[in-house]
**Q** 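Please read through the structure below; I'll follow up with questions.
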Protein chains: 2
Amino acid sequence: MNGSGDGAARRPVTLDDVARAAGVSQPTASRVLNGSSRRVAPSYRERVLTAARELGYTPNLPAQAMARGTSRTIALVISLISDPYFSAMAAEIMKQAEAIGLHVSIAVTERLAERELDLVRELRGQQPRAIILAGTGYVEPPSEQALIDELQRYEETGGRVVLISRSDLPFETVDFDNHEGSRQLARELATLGYRNCLVLGSATPLLSMQQRVEGFVAGLAESGVTNTRVHQPGFSWVGAREYVLGLPDAEARELDLVFAVTDDMALGALAGLRERGLRVPEDVGVAGFDDISTLRDVVPRLTTVHVALNAVAQEAVYRATTTDTDLVRRTVPAYPVVRDSTPRVTTSRRR
Amino acid sequence: MNGSGDGAARRPVTLDDVARAAGVSQPTASRVLNGSSRRVAPSYRERVLTAARELGYTPNLPAQAMARGTSRTIALVISLISDPYFSAMAAEIMKQAEAIGLHVSIAVTERLAERELDLVRELRGQQPRAIILAGTGYVEPPSEQALIDELQRYEETGGRVVLISRSDLPFETVDFDNHEGSRQLARELATLGYRNCLVLGSATPLLSMQQRVEGFVAGLAESGVTNTRVHQPGFSWVGAREYVLGLPDAEARELDLVFAVTDDMALGALAGLRERGLRVPEDVGVAGFDDISTLRDVVPRLTTVHVALNAVAQEAVYRATTTDTDLVRRTVPAYPVVRDSTPRVTTSRRR
DNA sequence: TTGTATGCGTTATCAA
DNA sequence: TTGATAACGCATACAA
């Protein structure tokens, strides 16, 4: 349709081009194509629509954002996108946001606490309507106050801040019930006969992970199991595996259960146990936390704590877009799912 | 620091504010904070920097983009972010892009071919420097021409288009060597003694999946195995599992290998085989394609074809940012990785 | 080297 | 209802 030669970069089609082609003023074209109070004469309306279609007009979003003073973007900060937990979270948030016509801009901290502040700053520059911080939350973060300042400054200019899984900051928060989830799990496992448990927390001081550890220990204690060992290997598959491999033989032999604060770590522990010649679940049970769906093919199927990611995402996006100003900390339930990796302990068990 | 009351939305800090606070003109502030030819007197420079820091200035990216006529954003279109393959791809692309100071904006088609066109249109509005389309590519897409038109229009205005895994369109393309990868795999498996193979392709007509099927069949044929059956179940874990479950008993019993065009499907097949009471790999071998890293915990470890995602991402980002105008179709190697799911076939094998 | 004036594409305000 | 005109925040050409 566009007869001009290829190659040389041409100017994008603007609202002005459309208006001229339709023989109307530029504001009129704007009203037809993007405006809300659409009181435009049908004949004009038709001409504008036709011109826009023929020219292949696309609104310049940055320009719109600038003129309107607000964008249709939500900024999402996550730790790692290749982590199934976070990619699932991101997917849910994108779905929820798109459902209400919002675009999600993702930034990744690569698990570096310092990067978080830089990212927030950079994201602010995009003038998003809201910033959602998911899944970092260190117990004693290096630049906590600077981050708070930055976020508060953002809020002061009309932006909304929503935190997921880090209820330690003075902003809207959505969280799972980490403590209760692993407490319930611990009680169920105790009922199944587990008595010698190793809990793998996280060397990286993450608040939610700490809660999971505490909840699990508490649950066991309520069930009369008090000899639980807690260790904090590196916060990863590799960290958990290496920790398990480094366990003294005597200690490893005593174990009948390893609970790790994430499914990822639980699988690392599982790999380590097997490398040591221990059978799972025959010799040792393994349990995790998160209920990552892509793990359905792991054998044995992993006992874990399920968190309703979609509920979290929905709540987070809702909080990010509502105009309520009361600071809410909503907790989404988490509940244990016992599967093959933790069968009932029988007397025939090794120890 | 900012004494003013909380609550009421305030205006964000602009370059103008900084300039005023520093007692310089706005362009000078611009030159110090964002400009390239930084010929600003040290004293002024210092004052601007200080003012910016104290006020918490963040450049308004949309405004910058508009003034400069170009943004620092790359738009990425993928099928599904919760799919480990795509999330790994997205992670790599983000990493490569961030390394050169570019931001990545992600949009998801949810595997709907029609959505692709809408998304491209919407993304264009964000005025990205480049659009990368990853991992769709239907054999006979519904609105192919409209998509091509849209992308070409985008290119005409100076944008760059890079395709990943769909070398059927007239744009820069980065692809794995699907055909060669599965051909090599087939040859290795034939060497291991596999003779009765079921190939699971994709009911959704995806070009790269077709190539994987053809390569595998060709590799077997070269090795003298010509009785290969090819079927096209739904393109998912569920599809593969259901297909395997629906297989006639006689046919299932004959099998010694199932090759699926993705790891995801291979695992679905594996689940289905086990549900039928077949042992993997003792009775039937299973192989996939993609070498998804989060599958390291699957037992038996899956034989597959490895693709160098980071190489693909690097090449894609490079192509997206270079100013070369020659249409390049770069192919990244893919090579078989034989693991536990396809051991050498012994005479003690069931059939 | 610094400042003035202008333009980027859009929306919002206000007359007409 | 429609159209001139003024913002929005920033970068650049040009003048000082």
Side-chain angles (χ1 to χ4, degrees), chain A residues 9-48 51-52 55-73 122 124-129 157-158, chain B residues 9-48 51-52 55-73 122 124-129 157-158:
Chain A
R10 231 173 15 188
R11 205 175 47 74
V13 176
T14 70
L15 200 53
D16 220 37
D17 299 328
V18 175
R20 206 163 327 160
V24 301
S25 76
Q26 195 233 35
T28 298
S30 170
R31 289 189 266 258
V32 171
L33 294 171
N34 314 311
S36 46
S37 56
R38 18 113 91 161
R39 294 163 190 161
V40 174
S43 62
Y44 279 28
R45 189 178 165 68
E46 205 51 51
R47 270 155 57 191
V48 170
L55 266 45
Y57 168 74
T58 316
N60 183 321
L61 265 27
Q64 266 188 345
M66 195 166 60
R68 291 207 247 245
T70 171
S71 75
R72 298 200 61 75
T73 298
E122 199 189 305
R124 260 189 71 190
Q126 296 187 26
Q127 314 297 113
R129 176 168 303 201
T157 62
Chain B
R10 232 172 17 188
R11 204 175 48 75
V13 175
T14 72
L15 202 51
D16 221 37
D17 299 327
V18 176
R20 206 162 328 161
V24 302
S25 76
Q26 186 249 23
T28 298
S30 170
R31 290 189 265 259
V32 171
L33 295 171
N34 313 311
S36 45
S37 56
R38 20 110 92 163
R39 295 162 190 163
V40 174
S43 62
Y44 278 30
R45 187 179 165 66
E46 205 50 51
R47 270 156 57 190
V48 170
L55 265 46
Y57 169 73
T58 315
N60 183 321
L61 265 29
Q64 266 188 346
M66 195 166 60
R68 292 207 246 247
T70 170
S71 76
R72 296 199 63 74
T73 299
E122 199 188 306
R124 261 190 71 189
Q126 296 188 29
Q127 315 296 114
R129 177 168 301 202
T157 62

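Residue numbers start from 1 in every chain, and the chains themselves are labelled A, B, ... in the order their sequence lines are given, proteins ahead of strands.
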**Q** Under 4.5 Å between any side-chain heavy atoms of A:Arg11 and A:Asp17, yes or no?
**A** yes
**Q** Can you give me the closest heavy-atom contact between A:Tyr44 and A:Val24, atom names plus distance?
**A** CD2-CG1, 3.8 Å
**Q** Using atom CE of A:Met66 as one end and atom P of D:dA7 as the other, report the distance to the nearest whole Å.
**A** 14 Å
**Q** Please report the closest heavy-atom contact between A:Val40 and A:Arg45, naming both atoms and the distance.
**A** CG1-N, 3.9 Å
**Q** Can you see if the side chain of B:Thr14 gets near the phosphate of D:dG9 - specifically, an N or O under 4.0 Å from OP1 or OP2?
**A** no
**Q** Separation of A:Gln127 atom CD from D:dC10 atom C1', in whole Å?
**A** 12 Å
**Q** Enumerate all atom pairs, one protein N or O and one N or O from nucleotides 13-16 of chain C, separated by less than 3.5 Å.
**A**
none

**Q** Of A:Ala63 and B:Ala41, whose nearest nucleotide on DNA chain C comes first from the 5' end?
**A** B:Ala41
**Q** Reckon B:Ser30 has a side-chain N or O less than 4.0 Å from the OP1 or OP2 of D:dA11?
**A** yes
**Q** Between B:Ser71 and B:Gln127 (side chain of the first, backbone of the second, donor and acceptor by atom type, cut-off under 3.5 Å), is there such a pair?
**A** yes
**Q** Sequence neighbours left out, what passes salt bridge (charged side-chain N to carboxylate O under 4.0 Å, His left out) with B:Arg72? Give chain and number order.
**A** none
**Q** Mind listing the closest non-hydrogen atom pair of A:Ala22 and A:Arg47 along with its distance?
**A** O-NH2, 2.9 Å
**Q** Between B:Gly23 and A:Leu15, who's closer to the 5' end of DNA chain C by nearest nucleotide?
**A** B:Gly23
**Q** With a cut-off of less than 4.0 Å, is there a side-chain N or O of A:Thr28 near OP1 or OP2 of D:dT2?
**A** no
**Q** CG of A:Asp17 versus P of C:dG9: gap in Å, rounded?
**A** 8 Å
**Q** Can you tell me the distance, in whole Å, between the CG atom of B:Leu61 and the C1' atom of D:dA11?
**A** 14 Å
**Q** Which atom pair, heavy atoms only, marks the closest approach of A:Ser30 to A:Leu15?
**A** CB-CD2, 3.5 Å
**Q** So, is A:Asn34 close to the C:dT11 phosphate, meaning a side-chain N or O under 4.0 Å from OP1 or OP2?
**A** yes
**Q** Do you know which two heavy atoms are closest between A:Ala21 and A:Leu55, and how far apart they sit?
**A** CB-CD2, 4.2 Å
**Q** Give the dot-bracket line for DNA chain C from 5' end to 3' end: parentheses for intra-strand Watson-Crick or G-U pairs under 3.5 Å, square brackets for crossings, | for inter-strand pairing, dots for unpaired.
**A** |.||||||||||||||
**Q** Ignoring hydrogens, what is the shortest heavy-atom contact between A:Val48 and A:Ala29? Give both atom names and the distance.
**A** CG1-CA, 4.0 Å
**Q** Distance check needed: D:dC8 P versus A:Arg68 CZ, whole Å only.
**A** 17 Å
**Q** Report the distance from atom CG of A:Leu55 to atom P of C:dG9, rounded to the nearest whole Å.
**A** 14 Å
**Q** How many whole angstroms separate atom CG of B:Leu33 from atom P of C:dT2?
**A** 14 Å
**Q** Tell me which nucleotide among D:dC10, C:dT10, D:dT2 gets nearest to the side chain of B:Ala67.
**A** D:dC10
**Q** Could you tell me whether B:Pro59 contacts a base, only the sugar-phosphate backbone, or nothing, with contacts defined as non-hydrogen atoms closer than 4.0 Å?
**A** sugar-phosphate
**Q** Please tell me if the side chains of B:Thr70 and B:Arg129 come closer than 4.5 Å, counting only heavy atoms from C-beta onward.
**A** yes
**Q** Under 4.0 Å: is that the gap between some side-chain N or O of A:Gln64 and OP1 or OP2 of C:dT11?
**A** yes
**Q** May I have the distance from B:Asn60 (atom CG) to D:dA7 (atom C1'), rounded to whole angstrom?
**A** 14 Å
